[in-house]
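Scope of the values below: all heavy atoms of this structure, side chains included, with no hydrogens, waters or symmetry mates.
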Amino acid sequence: MDTQHEAWLALVVEHALEPSLPICDPHHHLWDRPNDRYLVEQLEQDLGSGHNVVQTVFVECRSKYRTGGPEEMRPVGETEFVERITAPNAGGRAGTARVAAGIVGHADLTLGSAVTAVLEAHVEAGKGRFRGIRHSSAWDAGDDPIIYKIAPQGLLLDSKFREGFACLEKLGLSFDAWLYHPQLTELADLARAFPNVPIVLNHIGSPIVIGPYAAKRQEALDDWKRGMTEVASCPNVALKLGSFGRRATGIDWRKRARPPTSTELAESIAPLCHFCIDAFGADRCMFESNFPVDKVSYSYSVLWNAFKRVAQGYSPDERAALFQKNAARIYRLATDDA
């Protein structure tokens with residue numbers, strides 16, 4: 001994150017609302033890329049914004065793979081790296097978050113049953129913190145460069161992929177799903193085929209309202225709602241509420257002279273969040289930061305203030321679930337009240 005962008009984010013500074021409310025941030029990344037570093041030091045700066053973040057979950061981001069050895073084993077390097085750099089923080093010191101209390105890595109499920117060895121290597125590398133894998137299936141027919149195509153079409157329906165997916169249940173691991181809204185029915189089909197595998201749908205199902213969908217924004221949102229309703233009918237699927245900083249949602253906050261306030265952000269995202277919580281129930285949803293990806297659009301403090309504003313109408317038990325308890329339960333994290 002360059003100094004110019006940091007200066008832009010600093011134009012809107014907010015104190016944390018409800019600073020004692022426990023939060024588990026179930027979706028952030030750590031990476032060290034050319035001219036782009038977001039490691040424990042940078043994460044802790046964001047965690048120190050005043051919110052009571054007690055735990056976090058790291059999610060794979062194709063960083064620090066092994067550079068040698070079998071190709072299929074190279075993603076294990078990311079788990080090894082994250083476990084090593086977060087080990088001093090994972091236990092939690094007084095007043096600090098348990099960073100990467102859960103680790104979600106990547107494995108190529110199209111290996112079929114042979115992926116078992118990769119999964120077992122992740123579990124060993126995670127030293128008790130490895131929880132599952134994310135094999136992103138995001139694909140779309142549109143040609144907008146913002147819409148990533150990181151998987152072949154129909155990946156979730158592929159027989160070899162499903163052979164590998166079955167190995168997750170045998171090892172007690174969960175699956176994080178990242179895809180776009182036209183693919184939601186494929187995820188529902190997968191969830192029904194494997195009802196005993198916990199699935200966590202990332203980024204509210206990633207509705208797209210840009211590119212070929214821009215001229216039919218409401219139609220795209222209606223399709224997203226239908227797909228989300230079908231996925232919500234699968235009791236083994238939980239949902240992450242976040243990634244509202246993506247330009248694919250139709251708002252490019254970065255083009256503004258100032259970043260959004262939490263009030264502005266909450267007004268923008270509330271309809272989507274409320275629909276999702278109504279569909280899945282407050283016991284299957286969790287707020288996520290998706291940092292540092294979403295840091296291009298707003299600060300950590302503003303984001304969690306916006307979530308707290310969105311959740312104002314829910315009961316204390318529902319709010320506790322949305323902000324911390326659901327993530328801890330679904331990712332099998334140890335808590336102080338366990």
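R66 meets the salt bridge (charged side-chain N to carboxylate O under 4.0 Å, His left out) test with E80; sequence neighbours excluded. F81 is linked by a ring-ring contact (aromatic ring centres under 6.0 Å, His included) to nothing, counting only residues two or more places apart in sequence or in another chain. Scanning for salt bridge (charged side-chain N to carboxylate O under 4.0 Å, His left out) contacts around E186 gives an empty result, with sequence neighbours left out. Shown here are the salt bridge (charged side-chain N to carboxylate O under 4.0 Å, His left out) partners of D278, two or more places apart in sequence or in another chain: there are none.
Inspection of the S137 and W178 side chains reveals no N or O donor paired with an N or O acceptor under 3.5 Å. A donor-acceptor pair shorter than 3.5 Å cannot be found between the side chains of R226 and T185. Residues D223 and Y213 bring no donor and acceptor atom of their side chains to less than 3.5 Å of each other.
Note: the hydrophobic cluster containing W304 also contains Y314 (ILVMFWY, side chain heavy atoms under 4.5 Å, direct or indirect links).
Not one N or O on the side chain of H135 forms a donor-acceptor pair closer than 3.5 Å with the backbone of D108.
Here salt bridge (Lys or Arg N to Asp or Glu O under 4.0 Å) pairs that include residues 232-241, with residues two or more places apart or in two chains, are D176-K240. Sorted by first then second residue, the salt bridge (Lys or Arg N to Asp or Glu O under 4.0 Å) pairs that include residues 191-203, not counting sequence neighbours, are R192-E230.
The side-chain heavy atoms of I330 and M286, taken from C-beta on, include a pair separated by under 4.5 Å.
Aromatic rings of Y300 and F291 (six-membered ring for Trp) have centroids within the 6.0 Å cut-off, being under it.
Crowding of Q45 atom CD: a count of heavy atoms from other residues, nucleotides or ligands under 6.0 Å exceeding 12.
The existence of a salt bridge linking E60 and R134 is confirmed by a sub-4.0 Å separation between a basic side-chain nitrogen and an acidic carboxylate oxygen.
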